[in-house]
2 protein chains.
Amino acid sequence: MNSFTEENYLKAIYKLSLNGVQGVSTNAIADKLATKPSSVTDMIKKLADKKLVSYQKYQGVNLTKKGSDVAVSIIRNHRLWEVFLVEKLNFKWDEVHDLAEELEHINTHKLTERLDEFLGFPKFDPHGDPIPDKDGNIIQHKDVTLSDLIRGEKAVVVGVKEHSKSYLNYLEQLQLVLGVEVEVKDIVEFDATMQILVNNKQVIISNQASKNLIVKKI
Amino acid sequence: MNSFTEENYLKAIYKLSLNGVQGVSTNAIADKLATKPSSVTDMIKKLADKKLVSYQKYQGVNLTKKGSDVAVSIIRNHRLWEVFLVEKLNFKWDEVHDLAEELEHINTHKLTERLDEFLGFPKFDPHGDPIPDKDGNIIQHKDVTLSDLIRGEKAVVVGVKEHSKSYLNYLEQLQLVLGVEVEVKDIVEFDATMQILVNNKQVIISNQASKNLIVKKI
DNA sequence: TTATATTTTTAGACTAATCTAAATTTTATT
DNA sequence: AATAAAATTTAGATTAGTCTAAAAATATAA
Ligand SMILES: [Mn+2]
Ligand SMILES: [Mn+2]
Ligand SMILES: [Mn+2]
Ligand SMILES: [Mn+2]
């Protein structure tokens, strides 16, 4: 089997591949995992030996089918556990990520499937991220963010691109949670600061914040 | 914090201490953890440095208050997760131990307490083992086993001393599960094989099996 | 109470994962 | 195309946990 560390590398490579990048760079992985490029090179070699990634020196790394399957399965676990923690144990959406980082590695088919069933086969996690189904199929978000809207447009909040505690906490204070409807009232031309309507309240939100909020136009 | 490995050592020492032994031996720990005595000596030294055990060369090891607290907390996690797996995810009692061995190390106060609450503050796990409360208080079984009974006595099954898959599976086939009433019909003098009544059915059970079944006389 | 057996510890080596510093390769810039 | 900058890899060291083989201490038995 794969160690927790190997699984975390696979997950990181998977996520970095989503931006259409062909050949994920050593530095990008090091950054994401808060480790050093030399450590990444070592691990990549090991993953390549195990046929989990394809790799040529200096050319970046790509997941094989096998590696991608492992990554998706870890992500499935992670998101199912986040749903469990929020729905069943009443955690808040800014509290569950770190716990899910640990729970995701208990990678037993039967446990995952039973958990999925217990939760009623949820399609999205508490941050709006799609949960891969048991065959690994995953619907990616269309990635329209609040910052893409123009004055007068309305949309529903469907996810976040940034998962830090401070961001999630901030959003909750503004009542900018999943499912809430927003309307763009005004945009400052200089720095794209937005004035929006949330639950009938006027809210001012920076571009830094609005470009991490995934929405669906209505 | 403590590594998974350290936690497993503490748990092993805790369990070996329950037999009233003063000074748990290196070999006993090695046996329980399926490792070598030399590895145990190394780890004991580390745990002693961390004030989790008290230890003098060649004299065996004892948990400190601090070490005992960690051990009890891991055991609490383990048993709560076993309840979760059986009650909520419909696992059978012979399937949950290995999963709980992994889940128990996600040792976060808040998670444990929320899980306890979600499960309705259970007092016993699926094998009849008592669950320590949040302050670490734990009621130990009185340890009367089926093999202690004499002809004609009746009792209720309240636990098992052996947790192997094969034993639990065997018991289930005989319908010897928690809460079931048994009556001793006959005992073979030679090897203490018992003939008992379970759910109105006659069952023959070896001493090997009967001495691992914890019961409460009625 | 010596000799023998058993238990425990030490010494030295190995693997996984990490790091720093130096060397190499690739990419960008003159 | 030559040079500078950035990215990547290699070399060598470190830490946690483990192991085997040998030495030392304790327990048992003649
Ligand atoms: Mn998460
Ligand atoms: Mn999430
Ligand atoms: Mn168990
Ligand atoms: Mn149990």
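Every chain is numbered from 1, with letters handed out A, B, ... down the list of sequences.
Look at CD1 on B:Ile44: it is 15 Å from C1' on D:dT18, rounded to the nearest Å. Between the CD atom of B:Gln59 and the C1' atom of C:dT9 there is a distance of 13 Å, given to the nearest Å. Rounded to whole Å, atom P of D:dA21 lies 10 Å from atom NZ of B:Lys36. If you take CG of A:Leu47 and P of C:dA16, they are 13 Å apart, rounded to a whole angstrom. C:dT8 atom C1' lies 12 Å from atom CD1 of B:Ile29, rounded to whole Å.
An OP1 or OP2 oxygen of C:dT9 is reached within less than 4.0 angstrom by no side-chain nitrogen or oxygen of B:Lys45. The shortest distance between the side-chain N/O atoms of A:Ser25 and the OP1/OP2 oxygens of D:dA7 is not below 4.0 Å. For the OP1/OP2 pair of C:dT8 and a distance below 4.0 Å, the side-chain nitrogens and oxygens of B:Asn27 include at least one atom meeting the criterion. Put simply, A:Tyr55 has a side-chain N or O that comes within less than 4.0 Å of OP1 or OP2 on D:dT9. Phosphate proximity of D:dT9 to A:Thr41: present, with a side-chain N or O under 4.0 Å from OP1 or OP2.
Taking only distance into account, the side chain of A:Ser38 meets the base of C:dT20 through a donor-acceptor pair shorter than 3.5 Å.
Counting any heavy atom pair closer than 4.0 Å across all strands shown, A:Phe4 reaches no nucleic acid atom. Looking at heavy-atom distances under 4.0 Å, B:Thr5 makes contact with sugar-phosphate atoms alone, never a base.
Counting only distance, with no hydrogens or angles, the side chain of A:Ser39 and the backbone of A:Thr35 share no donor-acceptor pair below 3.5 Å. Side-chain N or O atoms of A:Arg79 include none that pairs as donor or acceptor with a backbone N or O of A:Ile131 at under 3.5 Å.
In terms of the side chain to side chain contact (heavy atoms under 4.5 Å, CB included) criterion, residue partners of B:Tyr170 (sequence neighbours excluded) are, by chain and number, B:Leu174, B:Ala209.
Within a 6.0 Å radius of NZ in A:Lys51, other residues, nucleotides and ligands contribute 12 heavy atoms or fewer.
Comparing atom distances between the A:Asp42 side chain and each of D:dT9, C:dC19, D:dC19 picks out C:dC19 as nearest.
Between B:His127 and the options B:Val96, B:Val158, B:Asp94, B:Ile214, a side chain to side chain contact (heavy atoms under 4.5 Å, CB included) holds for only B:Val96.
Two residues, A:Tyr58 and A:Glu6, neighbour DNA chain C, and the one matched to the more 5' nucleotide by heavy-atom proximity is A:Glu6. Along DNA chain C, the nucleotide closest to A:Met43 and the one closest to A:Lys57 are compared, and the more 5′ of them pairs with A:Met43.
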